[in-house]
Amino acid sequence: MKMQGWVIGVTALLAAGAAQAADSVYAKVGSWEISADTPSRCVMQRFYRSKDGKKIEGLTVLYAADKEGVLLLWTNDWMTYLPVKGNLELGLAFRKGESADQSWGSRNLPYERIGNTYYFTLAFKSADEAQRILRDLAASDHFGLLLGPALLTSIPLDASEAVVKLRECSTSGGRAQ
């Protein structure tokens, strides 16, 4: 699988704004927008603004049914203390109600700053991991990233129907059914 090339290419496309200008919007589910990147790869994305309007972060999920892989991109404009490029070990956590699931453990996320935005990427290359991350995104209320024991961010998901549409988009060639 040539997932690394895909990661680099997709990050560059997202940085250029191409994800928002994809062929067409496949579906809009709540705050999530789903669009086709290629006939068998679809993108689900959502952006969040802090209450004071000074910080923006986003969560983008790329699903490639043909490669049986998922690429998770977390973006933010507020980690200005980081170098332009590097890796950061972050813990992944999902919350459903009062229950937190940290079974994903910590992962090394490569990142790069493009303009004022930091792009963190995490590839799930095996079919089992890809399906598990999609299930967790669909079933959870929040997605969190931890820096050591401290919660770095907690992003509300409400993504159950969006994940259904993401899968549908990727398996239908990006054409609405």
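In what follows, residues are counted from 1 in the order of the sequence shown.
- More than 12 heavy-atom neighbours from other residues, nucleotides or ligands sit within 6.0 angstrom of NZ on Lys28.
- Around CG of Asn108, the count of heavy atoms belonging to other residues, nucleotides or ligands within 6.0 Å exceeds 12.
- Within the structure, ring pair (Phe, Tyr, Trp, His ring centres under 6.0 Å) pairs that include any residue of residues 148-171 do not occur (at least two apart or interchain).
- Leu134 and Val164 are members of different hydrophobic clusters when ILVMFWY side chains are connected at heavy-atom separations under 4.5 Å.
- Under the 4.0 Å criterion applied to side-chain N and carboxylate O atoms, Glu129 and Arg132 are not assigned as salt-bridge partners.
- Side chain of Asp77 to backbone of Ile56: a donor-acceptor contact under 3.5 angstrom is found.
- Within the 4.5 Å cutoff, the side chain of Leu62 has no heavy atoms near those of the Val70 side chain.
- Between the side chain of Thr75 and the backbone N or O of Glu57, no donor-acceptor pair lies under 3.5 Å.
- The closest donor-acceptor contact from the side chain of Trp32 to the backbone of Ser160 lies at 3.5 Å or more, if one exists at all.
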Between Ser103 and Asp101, is the side chain to side chain donor-acceptor pair (under 3.5 Å) condition met? List the steps.
CA-CA 6 Å; Ser103 63; Asp101 175 6; 2.7 Å; yes
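- Side-chain atoms of Ser140 never come within 3.5 Å of backbone atoms of Phe94 as a donor-acceptor pair (strictly under, hydrogens ignored).
- For Phe120, the ring pair (Phe, Tyr, Trp, His ring centres under 6.0 Å) partners two or more places apart in sequence, or in a different chain, are Trp74, Tyr111.
- Clustering ILVMFWY residues whenever any of their side-chain heavy atoms sit less than 4.5 angstrom apart, transitively, puts Ile155 in a cluster other than the one holding Leu151.
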